[in-house]
2 protein chains.
Amino acid sequence: MKTNKLCIMRLSKYKSALYRLKSLGFVRIFSDNLADAVEVTSSQVRKDFSIFDISGNKRGGYKIDELIEKINTILGKDELQKVVIIGVGKLGSALMHYTGFEKEGIKIVAAFDIDALKFKHKDKTPVLPLAELPEFVRKNNIKIGIITVPATAAQQVVEIMLPAGIKGVLNFAPIQLRGNDDCQINNVNLEVELENLIYFVNVLIKTKGK
Amino acid sequence: MKTNKLCIMRLSKYKSALYRLKSLGFVRIFSDNLADAVEVTSSQVRKDFSIFDISGNKRGGYKIDELIEKINTILGKDELQKVVIIGVGKLGSALMHYTGFEKEGIKIVAAFDIDALKFKHKDKTPVLPLAELPEFVRKNNIKIGIITVPATAAQQVVEIMLPAGIKGVLNFAPIQLRGNDDCQINNVNLEVELENLIYFVNVLIKTKGK
DNA sequence: TTACTTTTGTGATATTATTCACAATATATA
DNA sequence: TATATATTGTGAATAATATCACAAAAGTAA
């Protein structure tokens, strides 16, 4: 089974499109429709599915419900995923209260910071001292953490998370963090995303000018 | 000149690493060092540079200042980039006040919403009615917009932005938005990023178990 | 039932991206 | 100055990814 990051990203996107199509009343779907929704080719869709032995019916397409279930299984979404956030700044608290995760079975169970003014031990999603992270992570069997601290603190935070048993980090600090064999780190760099967009907009404007 | 999105993303990352290395006192840099900082190979770095005719000195490496300047020119960062945000929810207001953009020459000049309770005409970064977006965009020659509205509203917002003259959209709504020849849309899907991470963490845990 | 049409599933092929490998050359050293 | 060494720059080779194209199967219509 040959997979790669892009392929898994597409699976997520297929799923999200499937929920939407389902809510519009569709029961079955063709690779063509999914391809449209996610802006890929229909052979890409079928190839992705074949990698994971997802099969439909020739001429009958795929049953949406089955498809969603299979994709969820592949993505490991059978059980609720508990996630912690480190860094309760603007972005951190926005993500903390972001409602989009719950429908995907992802729950932010706690946040951590070093600023005592931000501690909220009694809240539904508590904000706790960073020093308590290792114990919390072990007790609650947390695997995933989101980093939303400033770039200068990010590597230090990783050094605390790894021995605590965190296996996956989604890093929003604008610095490329290094994972290891025991921990996967994915970086989401907002500045880079915007710069990228700016580049292609400039290309667009220049080519139009011709 | 053959470019692609990944290559441009790497340029941004090189630049960010260069700022860091500069602040540590470095003046010259080798492809090796940059490769380390961004987690790519040194030939990747040199290849990327050669695509844009960036050259260093054999045995002398690259001068950091020149490199930063050249990359900024390529990325179109010669002048301040004015950006608007549509959707002043949790994520929107976090991005609105996110300080990381300014050092990259990106300025959020206004935000828009449909909820009158959110309007702040007098603020430094005003929150204005969505209806005023087209006029504002034209008057201020805005090219870039960030979408942080719910998925259900995102496509409608795009339909307002395109005729107003927006050329690039960074979309945070969890739905794949479609651009056209006149407008580039890049999607950042937080749910997808997290799901992706969860997948690879599960793979990690399974393989370790063996 | 039979012929026709549509859609899947997948090897073969094409395209794109990355790494290799090494000549060219700038700098350092003796 | 001559020699040794490190590093770039880039074609060639390799690897990764996506598309093509078509046989096989399943539905539809007559």
Side-chain angles (χ1 to χ4, degrees), chain A residues 1-14 17-18 21 26-68 70-71 74 176 192 196 199-200 203, chain B residues 1-14 17-18 21 26-71 74 176 187 192 196 199-200 203:
Chain A
M1 182 165 53
K2 228 175 80 181
T3 61
N4 63 72
K5 189 166 167 172
L6 258 16
C7 169
I8 300 299
M9 290 266 179
R10 283 194 300 268
L11 282 189
S12 284
K13 290 181 181 176
Y14 297 148
L18 285 167
L21 291 161
F26 289 90
V27 173
R28 299 178 145 275
I29 199 87
F30 301 125
S31 58
D32 236 16
N33 312 129
L34 260 184
D36 270 2
V38 179
E39 290 194 82
V40 296
T41 63
S42 61
S43 30
Q44 178 80 83
V45 173
R46 296 199 300 278
K47 188 67 113 188
D48 286 341
F49 287 177
S50 94
I51 287 170
F52 292 102
D53 291 315
I54 294 177
S55 56
N57 285 338
K58 288 192 165 62
R59 174 121 201 208
Y62 306 84
K63 282 187 200 155
I64 290 184
D65 280 334
E66 280 182 17
L67 215 41
I68 290 176
K70 279 178 184 169
I71 294 177
I74 291 164
Q176 190 87 0
V192 167
N196 188 267
Y199 173 83
F200 284 102
V203 170
Chain B
M1 184 166 48
K2 230 175 77 184
T3 60
N4 63 72
K5 189 166 166 173
L6 258 15
C7 171
I8 300 299
M9 289 266 180
R10 283 194 301 266
L11 282 190
S12 285
K13 289 181 181 177
Y14 297 148
L18 286 167
L21 291 162
F26 289 90
V27 173
R28 300 178 143 278
I29 198 88
F30 302 125
S31 57
D32 236 15
N33 310 129
L34 261 183
D36 269 2
V38 179
E39 289 194 82
V40 296
T41 64
S42 61
S43 33
Q44 179 81 84
V45 174
R46 298 198 300 276
K47 188 66 115 190
D48 285 341
F49 287 177
S50 94
I51 288 169
F52 292 102
D53 292 316
I54 293 177
S55 57
N57 286 337
K58 287 194 164 66
R59 176 117 201 214
Y62 306 84
K63 282 187 200 154
I64 290 185
D65 281 333
E66 281 182 16
L67 213 42
I68 290 176
E69 208 181 302
K70 280 178 181 167
I71 294 177
I74 292 163
Q176 189 87 358
N187 298 285
V192 168
N196 188 266
Y199 174 82
F200 284 102
V203 169

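Order of the sequence lines fixes the chain letters, A, B, ..., with proteins taken first and strands second; residue numbering starts at 1 for each chain.
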Task: Distance test, side-chain N/O of A:Ser43 to OP1/OP2 of D:dA18, below 4.0 Å - done: no
Task: Donor-acceptor contact present, side-chain B:Ser50 to main-chain B:Asp53, <3.5 Å - done: no
Open item on the list: How many whole angstroms separate atom CG of A:Leu6 from atom C1' of C:dA17?
Closed with: 12 Å
Open item on the list: For a quick check of understanding: with a heavy-atom distance under 4.0 Å over all strands, which category does A:Ser42 fall into, base, sugar-phosphate or nothing?
Closed with: nothing
Task: Interatomic distance, B:Lys5 NZ vs C:dT15 C1' [rounded to whole Å] - done: 19 Å
Task: Distance-only side-chain donor-acceptor flag, B:Asp48 / B:Tyr14, under 3.5 Å - done: yes
Task: Nucleotide C:dT8, atom P - distance to CD1 of A:Ile54 in whole Å - done: 13 Å
- [ ] Round to a whole Å and report the spacing from CG of B:Asn33 to P of D:dT7.
- [x] 8 Å
TODO: Nearest whole angstrom, please: distance from the C1' of D:dC20 to the CG of A:Asp32.
DONE: 15 Å
- [ ] Provide the closest heavy-atom pair for B:Lys5 versus A:Asn196 in the form atom of the first, atom of the second, distance.
- [x] O-ND2, 3.4 Å
TODO: For A:Asp48 and C:dT8, give me the distance from atom CG to atom C1', rounded to whole Å.
DONE: 14 Å
TODO: Would you classify B:Tyr62 as touching base, sugar-phosphate or nothing, given that sugar-phosphate means primed atoms plus P, OP1 and OP2, and contacts are heavy atoms under 4.0 Å?
DONE: sugar-phosphate
Task: For atom CZ of B:Phe52 and atom P of D:dG9, their distance in whole Å - done: 15 Å
Open item on the list: Please confirm whether the shortest side-chain N or O distance from A:Arg46 to OP1 or OP2 of D:dA18 is below 4.0 Å.
Closed with: no
TODO: Just call it for A:Arg28: base, sugar-phosphate, or nothing, with non-hydrogen atoms closer than 4.0 Å on any strand.
DONE: nothing
- [ ] Check whether any side-chain N or O of A:Gln44 sits under 4.0 Å from OP1 or OP2 of D:dT17, and answer yes or no.
- [x] no
Task: Polar side-chain contact A:Arg59-D:dT28 base: donor and acceptor under 3.5 Å - done: no
Open item on the list: Can you identify which nucleotide, out of C:dT8, C:dA24, C:dA17, has its nearest atom closest to the B:Asn4 side chain?
Closed with: C:dA17
TODO: Describe the nucleic acid contact of B:Thr41 in one word from base, sugar-phosphate, nothing, applying a heavy-atom distance below 4.0 Å.
DONE: sugar-phosphate
- [ ] Write down the distance between CG (B:Leu34) and C1' (D:dT7), rounded to a whole number of angstrom.
- [x] 14 Å
- [ ] Would you please confirm or rule out a distance under 4.0 Å between OP1 or OP2 of C:dT27 and any side-chain N or O of B:Asn57?
- [x] yes
Open item on the list: Both A:Lys47 and B:Gly56 contact DNA chain D. Which one's nearest nucleotide lies toward the 5' end?
Closed with: B:Gly56
Open item on the list: Between A:Arg28 (side chain only) and A:Gly60 (backbone N and O only), is there a donor and an acceptor less than 3.5 Å apart?
Closed with: yes
Task: Short side-chain N/O contact from B:Ser50 to OP1 or OP2 of D:dG9, under 4.0 Å - done: no
- [ ] Determine whether B:Ile71 and B:Ile54 make a side-chain contact, defined as any pair of heavy atoms from C-beta on separated by less than 4.5 Å.
- [x] yes
